[in-house]
2 protein chains.
Amino acid sequence: MTTKSTYSIGQLCELAGVSRRTLQHYDDISLLKPTRRKDNGYREYTEADAMKLKQVLIYRALDFSTKEISQLLNAKNFDLFKSLKEQRELLAEKKADIESMMRNLDENLESMKAKTSRNLDILYEGIPKEKADHWKKAAESRVGSERWESNLQILGSMSEDEAKEFKQRGDVFYAAYADVLDQAISAPEVQELVAQFIAGINSLYASSITDFEELNYETCLEIARMSVEAEDVKQAYDFYGDGLAEHISEAITYYAEENLRRP
Amino acid sequence: MTTKSTYSIGQLCELAGVSRRTLQHYDDISLLKPTRRKDNGYREYTEADAMKLKQVLIYRALDFSTKEISQLLNAKNFDLFKSLKEQRELLAEKKADIESMMRNLDENLESMKAKTSRNLDILYEGIPKEKADHWKKAAESRVGSERWESNLQILGSMSEDEAKEFKQRGDVFYAAYADVLDQAISAPEVQELVAQFIAGINSLYASSITDFEELNYETCLEIARMSVEAEDVKQAYDFYGDGLAEHISEAITYYAEENLRRP
DNA sequence: CCTCGACCTGCACGTTACGTGATAGCCAAG
DNA sequence: CTTGGCTATCACGTAACGTGCAGGTCGAGG
């Protein structure tokens with residue numbers, strides 16, 4: 001059973017993955033007229049038409065205008081073989097373009113990663129070497145885990161100065177927090193610090209994430225959980241004061257319940 | 001000297017290789033608004049805007065609509081890192097598409113070449129093996145030489161049956177021509193055969209080359225020249241009768257002078 | 001101070017390559 | 001004989017700019 005060598009418009013557009021209207025349009029502008037019309041006016045495309053359409057689609061994928069394609073395909077002395085070779089050339093060029101764009105992106109990605117790790121260095125500055133290495137490794141290994149990737153990328157988007165500033169503010173904050181570890185999580189001093197903490201995260205995110213929405217109830221609870229459940233985060237917190245991780249975790253939870261409860 | 005970190009519309013469009021109007025358009029539709037307007041109303045773009053434009057251009061190269069790009073780039077929680085990785089993915093896909101199209105083309109080219117050589121076999125059927133091999137090689141080696149490539153490709157575009165038919169007609173014709181070798185090139189019998197010959201080439205070309213123009217004066221002279229100058233063609237002609245190549249060459253020249261002279 | 005050319009502004013209509021109906025003819029099946 | 005699925009031809013809509021046009025800005029030079 002040889003393939004029936006004529007197609008209706010519907011069959012051809014199905015075959016080629018283009019819309020009916022596109023074929024009608026190509027007919028209108030004489031880019032690809034069906035070989036003949038049946039008596040009822042229906043378009044009847046042949047195998048040759050299908051081949052030509054394939055050519056057209058390749059040129060279209062190469063961003064040629066229909067006018068240009070028309071000139072190419074209907075040129076006097078049109079030579080299929082040459083045309084195919086030319087298309088190959090152009091495709092190769094386009095491929096090269098894409099590869100160049102990919103290399104460009106890779107460079108950007110690399111530089112962002114590099115910056116991230118440089119800024120991680122800054123972040124763990126002044127912390128005993130073994131611990132720092134341990135935490136840093138844990139942090140870097142999180143790249144690839146959806147949730148943390150963008151957190152780390154915020155570091156990557158900061159300049160070194162900003163990173164230093166960020167660390168400084170962190171040091172100051174956690175030192176201050178260490179001073180209130182003996183107070184109840186509901187104590188105004190504690191809650192004031194937590195409010196600062198949340199505000200800090202908000203402004204950090206807001207500056208680097210477009211249209212960032214302020215931390216809500218659930219997200220705060222999640223931060224509270226992570227503070228104690230992620231071992232390295234917990235250790236980093238506890239570095240500033242014994243039991244700081246658990247304390248701030250509960251304090252954040254309390255804060256969220258009091259201030260961010262759903263309406 | 002650090003690069004001045006703001007651009008006018010002209011500078012940015014120069015830098016990015018897009019038209020002024022495109023940037024104005026992106027401003028209109030809020031895809032990429034300049035960071036600020038100067039007091040005189042001039043658009044002032046920052047480095048960050050330039051980065052964003054780069055993103056836009058990549059997505060545009062990937063055939064995203066401006067609306068889609070706008071949604072992607074201005075999405076809540078937009079994440080540059082993720083976006084870059086996504087772009088890499090998409091570029092990889094596009095590259096794969098292009099590679100697939102190239103493979104497809106290569107297949108077509110291969111099959112055309114294969115058909116050409118199959119039909120060359122048919123063409124040299126019934127001719128002593130050494131000679132046939134010699135001529136065939138010469139013919140195939142012409143692939144790559146502009147002028148001959150399309151001639152051979154006409155063979156490639158024929159079905160086997162057509163090729164056989166073609167050879168048969170050739171055999172008949174050259175046999176007939178061998179019978180008039182003793183007559184003058186201007187003799188009516190000879191000129192009648194030449195007319196048939198030219199008509200044959202015309203119809204052959206017309207059937208496989210879109211909008212082919214009939215052989216003109218110069219082209220005929222060229223055919224005449226090739227008949228004797230191309231060694232293998234000459235030998236192929238002479239196979240049908242001694243001195244046929246030179247005779248038909250002169251006869252074609254005469255025919256052209258008589259019938260196809262410029263007005 | 002004036003002018004000139006290069007740059008910028010907004011506005012409006014033109015263009016390409018289709019998309020999206022609306023309306024109507026063809027035709028095989030129930 | 002109607003119904004559902006294909007087809008046809010208008011005809012208007014749209015996206016992403018292109019292409020002027022009339023007019024403001026600005027630094028350099030006469």
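So you know, we letter chains A, B, ... as the sequences are listed, proteins then strands, and number each from 1. Because only heavy atoms are used, hydrogens play no part in the values below, and waters and symmetry mates are left out as well, while side chains stay in.
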Gap between atoms [atom1] and [atom2], on [X] and [N] respectively (whole Å):
{"X": "B:Leu57", "N": "D:dA16", "atom1": "CG", "atom2": "P", "result": "14 Å"}
{"X": "A:Gln24", "N": "D:dA8", "atom1": "CD", "atom2": "C1'", "result": "8 Å"}
{"X": "A:Arg36", "N": "D:dA8", "atom1": "CZ", "atom2": "P", "result": "13 Å"}
{"X": "B:Asp28", "N": "C:dA12", "atom1": "CG", "atom2": "C1'", "result": "12 Å"}
{"X": "A:Arg37", "N": "C:dC26", "atom1": "CZ", "atom2": "C1'", "result": "14 Å"}
{"X": "A:Asp39", "N": "D:dA8", "atom1": "CG", "atom2": "P", "result": "14 Å"}
{"X": "B:Leu23", "N": "C:dC7", "atom1": "CG", "atom2": "P", "result": "15 Å"}
{"X": "A:Arg43", "N": "C:dC26", "atom1": "CZ", "atom2": "P", "result": "15 Å"}

All side-chain hydrogen bond (donor to acceptor under 3.5 Å, both in side chains) counterparts of [X], not counting sequence neighbours:
{"X": "A:Glu68", "result": "A:Ser65"}
{"X": "B:Glu14", "result": "none"}
{"X": "B:Asn202", "result": "none"}

Show every donor-acceptor pair shorter than 3.5 Å between a side-chain atom in residues 89-100 of chain A and any protein atom, with sequence neighbours excluded, or say none if there are none.
{"from": "A:Lys94", "atom 1": "NZ", "to": "A:Asp63", "atom 2": "OD2", "distance (Å)": "2.8"}
{"from": "A:Lys95", "atom 1": "NZ", "to": "B:Glu99", "atom 2": "OE2", "distance (Å)": "3.4"}
{"from": "A:Glu99", "atom 1": "OE2", "to": "B:Lys95", "atom 2": "NZ", "distance (Å)": "3.4"}

Counting neighbours of NZ on A:Lys33 that are heavy atoms of other residues, nucleotides or ligands and sit closer than 6.0 Å, is the number greater than 12?
yes

Do other residues, nucleotides or ligands put more than 12 heavy atoms under 6.0 Å from B:Lys164 NZ?
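Count not over threshold, so no.
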
Using a strict cut-off of less than 4.0 Å between a Lys/Arg side-chain nitrogen and an Asp/Glu carboxylate oxygen, indicate whether A:Asp49 and A:Arg43 qualify as a salt bridge.
no

Every protein N/O lying under 3.5 Å from an N/O of nucleotides 25-27 of chain D:
{"from": "D:dT25", "atom 1": "O4'", "to": "B:Tyr42", "atom 2": "OH", "distance (Å)": "3.1"}
{"from": "D:dC26", "atom 1": "OP1", "to": "B:Asn40", "atom 2": "ND2", "distance (Å)": "2.9"}

So which protein N/O to nucleotides 16-18 of chain C N/O distances come out below 3.5 Å?
{"from": "C:dT16", "atom 1": "OP1", "to": "A:Lys67", "atom 2": "NZ", "distance (Å)": "3.0"}
{"from": "C:dA17", "atom 1": "OP1", "to": "A:Thr66", "atom 2": "N", "distance (Å)": "2.8"}
{"from": "C:dA17", "atom 1": "OP1", "to": "A:Thr66", "atom 2": "OG1", "distance (Å)": "3.4"}
{"from": "C:dA17", "atom 1": "OP2", "to": "A:Thr66", "atom 2": "OG1", "distance (Å)": "2.2"}
{"from": "C:dC18", "atom 1": "OP1", "to": "A:Arg60", "atom 2": "NH1", "distance (Å)": "3.1"}
{"from": "C:dC18", "atom 1": "OP2", "to": "A:Tyr26", "atom 2": "OH", "distance (Å)": "2.8"}

Would you find a donor on one side and an acceptor on the other, under 3.5 Å apart, between the side chain of B:Ser83 and the backbone of B:Asp79?
no

Check for a donor-acceptor pair, side chain of A:Asn108 on one end and backbone N or O of B:Leu84 on the other, with a separation under 3.5 Å.
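Here the side-chain-to-backbone pair does not exist.
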
What's the closest nucleotide to the side chain of B:Ile9 if the choices are D:dT9, C:dT9, D:dA8?
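For the B:Ile9 side chain, the nearest candidate turns out to be C:dT9.
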
